[in-house]
Amino acid sequence: MTTPAPLPVADLARLHDELLDWFDRTARDLPWRRNASPWAVMVSEFMLQQTPVSRVLPVYEAWVDRWPTPAALAAEPTGEAVRAWGRLGYPRRALRLHAAATAMVDRHGGEVPSSLDDLLALPGVGDYTAAAVSSFAFGGREAVLDTNVRRVFARVVRGEQFPPAAVTSAERELATVLLPVRDAHRWAAATMELGAVVCTARSPRCDACPVADLCRWRAAGYPAYDRPARRGQAWHGTDRQCRGQLMAVLRDAPGPVPKSALDAVWADALQRERALDGLVADGLVEPLPDDTYSLPS
DNA sequence: CAGGCGTGGAC
DNA sequence: TGTCCAAGCCT
């Protein structure tokens with residue numbers, strides 16, 4: 001069985017050339033693109049998992065300044081990582097980054113590994129982050145499939161408004177076929193950049209797109225996504241919102257807080273206790289003997 | 001593998 | 001306002 005060409009060869013070559021050229025001209029000057037260490041690249045990738053660039057920037061700068069190596073972070077209590085994470089959201093990422101730093105000290109001499117398998121074995125590193133670190137920190141040739149790239153490929157190549165809800169094997173194959181022999185790491189950055197600043201989810205700026213004339217979704221007249229809409233994530237009144245409130249109290253306090261301070265931020269006692277238990281189980285909160293709570297040590 | 005997991009900005 | 005969305009990972 002052979003994989004059909006996703007685009008005519010001539011179009012494929014133009015797609016590569018136009019996109020790489022556009023990226024060279026217009027790429028944002030982001031700190032993790034400025035000759036950053038592999039560790040700094042990894043830090044940025046953890047923070048950028050589901051969090052916008054604008055909110056990551058200040059936290060990233062403070063983080064790599066304070067902990068310039070995996071060993072520096074691994075030497076600190078996990079609670080310090082959680083506090084420094086600030087309001088980026090999904091604070092378990094801070095724990096996983098700390099655990100990844102510890103694992104790199106233990107298994108890789110304190111260095112970020114360059115192989116995909118070694119990266120994937122680290123806590124908090126999945127398919128995307130492993131490929132991204134391999135590409136952006138080491139110049140590796142890997143298919144990098146994030147939400148931006150998936151959307152760009154869905155539109156330009158498949159002629160559809162949005163990619164499937166979950167990554168499919170067809171998407172992986174397509175990304176592999178499209179991966180250029182040379183400059184694969186720049187291709188990865190360029191396709192992500194296009195999705196982030198031009199081919200956006202809500203209102204794409206096709207007038208600024210360097211490959212608009214190759215785009216099958218555009219050529220087809222922008223047909224609307226026809227599959228069932230993804231259910232939006234509930235938020236108000238959820239355990240997740242409650243956990244966020246509790247974590248905010250602990251982050252903003254210099255030390256342990258009495259349980260009454262936690263009780264004050266959420267009315268439903270049953271839900272509050274369940275959320276607090278969950279945070280303790282996750283390692284985000286440490287209960288102390290005197291009925292106080294703190295970030296973990 | 002569908003659902004849980006934070007937070008805030010844009011519309 | 002509420003809804004959608006943002007360089008995912010884990011179970």
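In this text the structure is predicted, and so the values were computed from the model without any measurement.
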Practice task
Could you please spell out the steps behind the side chain to side chain donor-acceptor pair (under 3.5 Å) verdict for Arg33(A) and Ser44(A)?
Solution key: CA-CA 10 Å; Arg33(A) 289 175 175 168; Ser44(A) 77; over 6 Å; no
Ionic contact status for [Y] with [X], cut-off 4.0 Å:
X         : Y         : value
Lys259(A) : Asp263(A) : yes
Arg155(A) : Glu160(A) : no
Arg218(A) : Asp213(A) : no

Within [range], which residues have any heavy atom lying less than 4.0 Å from an atom of DNA chain B?
range                       : result
residues 236-253 of chain A : Arg240(A), Arg243(A), Gly244(A), Arg251(A)
residues 122-132 of chain A : none
residues 89-106 of chain A  : Gly89(A), Tyr90(A), Pro91(A), Arg92(A), Arg93(A)
residues 35-52 of chain A   : Gln50(A), Thr51(A)

Between [N] atom [atom2] and [X] atom [atom1], what is the distance in whole Å?
X         : N       : atom1 : atom2 : result
Arg33(A)  : dA7(C)  : CZ    : P     : 12 Å
Arg87(A)  : dG6(B)  : CZ    : P     : 12 Å
Trp266(A) : dG6(B)  : CH2   : P     : 12 Å
Trp235(A) : dG8(B)  : CH2   : P     : 9 Å
Asn148(A) : dC5(C)  : CG    : P     : 13 Å
Tyr60(A)  : dA6(C)  : OH    : C1'   : 19 Å
Arg205(A) : dA10(B) : CZ    : C1'   : 15 Å
Asp282(A) : dC10(C) : CG    : P     : 13 Å

Could I get the full list of salt bridge (charged side-chain N to carboxylate O under 4.0 Å, His left out) partners for [X], not counting sequence neighbours?
X         : value
Arg186(A) : Asp24(A), Asp183(A)
Arg205(A) : none
Arg182(A) : none

Show which side-chain atoms of residues 56-64 of chain A pair as donor or acceptor with protein atoms under 3.5 Å away, not counting sequence neighbours.
none

Using the [atom1] atom on both, measure [N] against [M] and round to a whole Å.
N      : M      : atom1 : result
dC9(C) : dG8(B) : P     : 23 Å
dG6(B) : dC5(C) : C1'   : 13 Å
dA6(C) : dC1(B) : P     : 23 Å

Handout entry: Set of side chain to side chain donor-acceptor pair (under 3.5 Å) partners for Asp268(A), sequence neighbours left out
Key =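 Per chain and number, Asp268(A) pairs via side chain to side chain donor-acceptor pair (under 3.5 Å) with no residue.
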Handout entry: Residue-phosphate contact under 4.0 Å: Arg55(A) side-chain N/O, dA6(C) OP1/OP2
Key =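 For dA6(C), neither OP1 nor OP2 has a side-chain N or O of Arg55(A) closer than 4.0 Å.
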If you look at every strand shown and take non-hydrogen atoms under 4.0 Å, does [X] touch a base, only sugar-phosphate, or nothing?
X         : answer
Arg28(A)  : base
Trp85(A)  : nothing
Arg150(A) : nothing

Handout entry: Check: Arg158(A) main-chain N/O paired with Arg216(A) side-chain donor or acceptor under 3.5 Å
Key =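 No; judged by distance alone, with no hydrogens or angles, the pair does not exist.
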Exercise for the section: Keeping the roles fixed (side chain from Ser297(A), backbone from Pro77(A)), state whether a donor-acceptor pair exists under 3.5 Å. Expected result: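 Answer holds: no.
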Problem - side-chain contact (heavy atoms from CB on, under 4.5 Å) against Arg25(A), all qualifying residues, sequence neighbours excluded - result: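 If we apply the side-chain contact (heavy atoms from CB on, under 4.5 Å) test to Arg25(A), skipping adjacent residues, the hits are Asp21(A), Trp22(A).
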Practice task
Give the ring-plane orientation class for Tyr225(A) versus Phe162(A), where under 30° counts as parallel, over 60° as perpendicular and anything between as tilted.
Solution key: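 Rings of Tyr225(A) and Phe162(A): perpendicular, over 60°.
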Problem - Residues clustered with Trp217(A), ILVMFWY side-chain links under 4.5 angstrom - result: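 Joined to Trp217(A), directly or through intermediates: Tyr222(A).
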Exercise answer: donor-acceptor pairs, residues 130-146 of chain A side-chain atoms, under 3.5 Å, sequence neighbours excluded:
residue	atom	partner	partner atom	Å
Ser135(A)	OG	Ala131(A)	O	2.9
Arg141(A)	NE	Pro180(A)	O	2.9
Arg141(A)	NH2	Leu179(A)	O	3.1
Asp146(A)	OD1	Asn148(A)	N	3.2
Asp146(A)	OD1	Val149(A)	N	2.8
Asp146(A)	OD2	Asn148(A)	N	3.4
Asp146(A)	OD2	Asn148(A)	ND2	3.1

Exercise for the section: Could you check Leu120(A) against Arg151(A) and say which one's nearest nucleotide on DNA chain C is further toward the 5' end? Expected result: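 The answer here is Arg151(A).
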Handout entry: Side-chain donor/acceptor of Arg202(A) to base of dC4(C), under 3.5 Å
Key =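 Yes, the side chain and the base share a sub-3.5 Å donor-acceptor pair.
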Problem - Which residue lies more 5' along DNA chain B, comparing Ala166(A) with Gly86(A) via nearest heavy atoms - result: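 Going by which nucleotide is closer to the 5' end, it is Ala166(A).
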